[in-house]
Each structure stands twice: as C-alpha cells, then as structure tokens.
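In each ligand, atom 1 is the first atom listed, and ligand 1 is the first ligand listed. Model, not experiment: these values are computed from the prediction. Quick note: residue numbers are just sequence positions, from 1.
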Amino acid sequence: MKIIVCIKQVPDTTEVKLDPKTGRLIRDGVPSIINPDDKNALEEALRIKDNNPNTTVTVISMGPPQADVAMREALAMGADEAILISGREFGGSDTWATSYIIATAIKKIPDFDIILCGRQAIDGDTAQVGPQIAEQLNIPQITYVQNLVVEGDKVIAQRQLEDGYAVVEAKMPVLLTAIKELNIPRYMTPAGIFNAYKQEVKIWGFADVPVDPEKIGLKGSPTNVNRTFSPEAKGQGIMLEGADRASVKKLVDCLDEKHLL
Ligand SMILES: Cc1cc2nc3c(=O)[nH]c(=O)nc-3n(C[C@H](O)[C@H](O)[C@H](O)COP(=O)(O)OP(=O)(O)OC[C@H]3O[C@@H](n4cnc5c(N)ncnc54)[C@H](O)[C@@H]3O)c2cc1C
C-alpha cells in the first residue's frame with residue numbers, strides 16, 4: 001500500500017503576535033512546528049504501515065527550504081520518503097493554487113492508495129487544501145476522520161459531526177483529513193532522528209512539477225486579502241453572584257442602564 005501524507009510547517013501559534021500597525025504576523029524568532037493535525041495524519045499512516053509491512057509512507061510539503069526540518073521530523077517519526085516542493089515561482093499562492101501545485105506533484109507518484117492531510121492548518125486555518133487536492137485529483141474524500149479502518153480495497157472511517165459521528169466507506173484511492181481525536185502521535189526516537197539526517201529530502205522545484213505557470217503564485221490565486229486585524233479587546237465583564245431578588249434587581253438595573261431592556 002502507498003500512503004501520501006501532506007504536511008505543512010507552521011509557526012507555533014502560541015508564540016505568534018500581530019504587528020498592530022501592519023496587521024501582519026510577526027514571524028521573526030517564532031519557532032516552526034509540523035501542523036498538529038498533520039502529525040495525526042502521519043501517525044495514522046504509520047499505524048497502517050505497522051499493521052501492513054508492505055506499506056510505504058511518503059510525506060510531501062510545499063514550503064520554503066526551512067521546511068526541511070519538518071520533513072526530517074516526519075522521517076524521524078517513521079516516514080519512508082520526504083518530498084519538499086519549493087521554489088520562488090510557488091510563492092504568493094492561495095489555497096486554490098497551493099492545492100493545484102500539490103495535486104500536480106502527487107500525480108507524479110503512481111498508484112497511491114491513501115492521501116492523508118490534516119483537517120486544518122493552525123496558521124491559514126481554512127481547511128480547504130485537503131478537499132481541494134481531492135477535487136483536483138478527482139478522487140473521493142472523507143473529512144474530519146476520528147477513526148479509520150482499512151479493509152481490502154476500501155476504507156471505513158468515522159467522520160466527526162457536531163453531535164456524534166457518521167460511518168463512511170470509500171474505495172481507494174481516497175483522501176482523508178485527520179483530526180486530533182484520531183490518535184496520539186508518536187515521538188521521534190533517537191535512532192530515528194539519527195537516520196532522518198542521513199536520508200535525502202527530495203526537493204521538487206518549478207521545473208520538476210508540471211504546473212501551468214498561469215495557475216500558480218499570486219497570478220493564479222483567485223483570493224484577495226483586503227485587510228487583516230485582531231479583534232478589539234472587549235471590556236471586562238461583571239459577575240453577579242447569588243440567585244436572590246437583589247441580584248436580579250442589579251442585573252435588570254445594569255441592562256436598563258445600557259438601554260438593553
Ligand atoms: C493571496 C494569498 C497569497 C499567499 N501567499 C503566500 C505565500 O507567499 N507564502 C505562504 O507560505 N503562504 C501564502 N499564502 C497562504 C497559503 O495560501 C496557505 O497557507 C495555504 O494555501 C494553506 O492554506 P491553509 O493554511 O488554510 O491550510 P488548510 O487548508 O487549513 O490545511 C489543511 C491541510 O492541507 C495540507 N496542507 C496545507 N498547506 C500545505 C502545504 N503548503 N504543503 C503540504 N500540505 C499542506 C495539510 O495537511 C493541512 O493540514 C497566501 C494566501 C493568499 C490568500
């Protein structure tokens with residue numbers, strides 16, 4: 001079985017701040033990590049491999065050369081192969097152009113069975129890239145996967161809903177998007193880290209991915225970002241304690257004062 005895992009390197013959002021003047025993320029000095037949902041995607045691929053020894057796991061990412069670190073981490077966790085799509089020509093791509101580039105690269109990997117993505121990246125936060133890759137490749141997709149069984153030529157997945165889950169079956173090749181409930185990602189082992197730095201991370205540049213130049217970068221991106229801003233801080237709330245007449249009167253007086261009654 002051949003599994004492809006799409007991995008995005010993201011800034012650790014617990015460390016990110018917005019520049020109040022430009023509204024842009026201050027990325028300088030912020031550590032980068034593998035997007036958390038993508039680690040669940042990789043863990044699931046590795047578990048399938050643990051149970052099916054003939055499985056190969058390829059991780060693929062589009063990003064700057066610094067994403068090499070994320071690729072090595074994936075190799076150290078147990079991936080067999082790492083491909084980094086990297087080139088100036090790809091810069092400025094929105095989710096549509098990004099998924100077109102990744103899907104075009106995946107077409108170069110013959111006979112894959114499963115593509116695993118995270119549900120959502122913690123920086124861009126759109127949850128669009130996985131489903132768009134499936135559309136570009138014209139294969140079925142199951143999103144929000146919280147449990148997965150591979151059986152013969154199909155997958156049976158529990159798809160998380162707000163108030164429960166749906167059980168969905170699809171024939172392979174299929175694209176799945178993973179959520180954190182799917183599993184607990186394993187740690188890298190010291191031997192894994194050592195080997196990861198002996199392995200090759202393949203770099204696929206513009207010349208290696210047969211994309212239409214009109215469909216990538218800013219030119220090929222239908223999205224325009226007009227403005228980014230952080231929401232204004234709200235005033236402190238008032239806590240009213242007790243369930244007696246006096247508290248109710250206080251509440252009514254407050255609402256009255258603000259002309260809400
Ligand atoms: C006009 C415009 C210009 C932009 N220019 C740039 C730019 O120059 N440089 C830049 O870094 N970003 C740029 N972006 C942001 C970039 O388009 C998104 O970060 C990217 O498309 C992923 O979207 P997302 O973060 O919402 O991922 P989601 O859709 O939330 O991600 C879902 C899943 O898809 C997979 N995935 C997502 N992105 C990748 C990836 N790159 N490689 C592998 N797998 C992935 C992962 O499995 C992830 O969990 C730009 C966006 C816009 C709108």
Under 3.5 Å, N or O to N or O, is Asn35 touching ligand 1 that way? yes
Show me which atoms of ligand 1 lie under 4.0 Å from any heavy atom of Asp123. 25 (O)
Tell me, do Thr98 and Ile133 make a side-chain contact under 4.5 Å, heavy atoms counted? no
From the options Ile83, Ile122, Asp94, select the one whose nearest heavy atom is closest to atom 52 (C) of ligand 1. Asp94
For Ile102, is the nearest heavy atom under 4.0 Å from an atom of ligand 1? yes
Cys117: numbered ligand 1 atoms lying under 4.0 Å from its heavy atoms: 47 (O)
If hydrogens are left out, which of Ala127, Gly124, Gly92 has an atom nearest to atom 9 (N) of ligand 1, that is, the closest non-hydrogen atom? Gly92
Closer than 4.0 angstrom, basic N to acidic O: yes or no for Arg47 and Glu43? yes
Electrostatic pair Lys249-Asp256, nearest N-O below 4.0 angstrom: no
Within 45° cone of Tyr197 ring axis and under 6.0 Å: Arg72 NZ or CZ: yes
Are Asp123 and Lys8 ion-paired here, with the side-chain N under 4.0 Å from a carboxylate O? yes
Is there a continuous path of hydrophobic side-chain contacts, each under 4.5 Å between heavy atoms, that joins Leu42 to Val10? no
Ligand 1 atoms in contact with Cys6 (distance to a heavy atom under 4.0 Å): 44 (N), 46 (C), 47 (O)
If you have a sec, work out which protein heavy atom is nearest atom 43 (C) of ligand 1 and how many Å separate them, to one decimal? Ile7 O, 3.1 Å
Within ligand 1, which atoms have a heavy atom of Thr223 less than 4.0 Å away? 1 (C), 53 (C)
Test item: protein heavy atom less than 4.0 Å from atom 34 (O) of ligand 1: yes
Identify the closest protein heavy atom to atom 49 (O) of ligand 1: which residue and atom is it, and at what distance? Asp38 OD1, 2.4 Å
Identified side-chain contact (heavy atoms from CB on, under 4.5 Å) counterpart of Ile114 within the set Ile139, Ile4, Val57, Val150: Val150
Checking a contact table here: which protein heavy atom is nearest atom 25 (O) of ligand 1, and how many Å away? Lys8 NZ, 2.6 Å
The closest protein heavy-atom partner of atom 20 (C) of ligand 1 is Thr98 OG1, 3.8 Å
Any N or O of Gly63 closer than 3.5 Å to N or O of ligand 1: no
Tell me whether ligand 1 is touched by Thr177 - counting only heavy atoms on the residue side and a distance under 4.0 Å. no
Min heavy-atom dist Arg119 to ligand 1 below 4.0 Å: yes
Please say whether the positively charged group of Lys215, taken as NZ for Lys or CZ for Arg, lies over the ring of Trp96, i.e. under 6.0 angstrom from the six-membered ring centre and within 45 degrees of the axis. no
Flag, side chain of Asn138 to backbone of Glu135, donor-acceptor distance under 3.5 Å: no
Same apolar cluster: Leu46 and Val155, side chain cutoff 4.5 Å: yes
Among Asp38, Ile34, Val69, which one satisfies side-chain contact (heavy atoms from CB on, under 4.5 Å) with Gln9? Val69
Would you mind checking which non-hydrogen protein atom is closest to atom 4 (C) of ligand 1, with the distance to 0.1 Å? Ser93 O, 3.4 Å
Give me the residue, atom name and distance of the protein heavy atom closest to atom 31 (O) of ligand 1. Ala121 N, 3.5 Å
For ligand 1 and Leu218, I'd like to know whether there is a polar contact (N/O to N/O, distance under 3.5 Å). no
Would Ser221 count as a contact residue for ligand 1, given that I'm defining contact as a non-hydrogen atom of the residue lying under 4.0 Å from a ligand atom? no
Any N/O of Val225 closer than 3.5 Å to an N/O of ligand 1? no
Exam field: side chain Asn183 to backbone Asn40, donor-acceptor pair closer than 3.5 Å: yes
Which atoms of ligand 1 are found less than 4.0 Å from any heavy atom of Ser61? 42 (N), 43 (C)
Donor on one side chain, acceptor on other, Thr143 and Arg159, under 3.5 Å: yes
Ile60 heavy atoms, cut-off 4.0 Å: which ligand 1 atoms fall inside? 43 (C)
Do Val145 and Tyr165 share a hydrophobic cluster, counting only Ile, Leu, Val, Met, Phe, Trp and Tyr and linking them when any side-chain heavy atoms are less than 4.5 Å apart? no
Applying the side chain to side chain donor-acceptor pair (under 3.5 Å) test to Asp80, which of Lys2, Gln199, Lys49 qualifies? Lys49
Nearest non-hydrogen protein atom to atom 41 (N) of ligand 1, with distance, is Met62 O, 2.8 Å
Which residue owns the protein heavy atom closest to atom 23 (O) of ligand 1, what's the atom, and how far is it? Thr95 CG2, 3.5 Å
Consider ligand 1: state whether an atom of it lies below 4.0 angstrom from any non-hydrogen atom of Gly91. yes
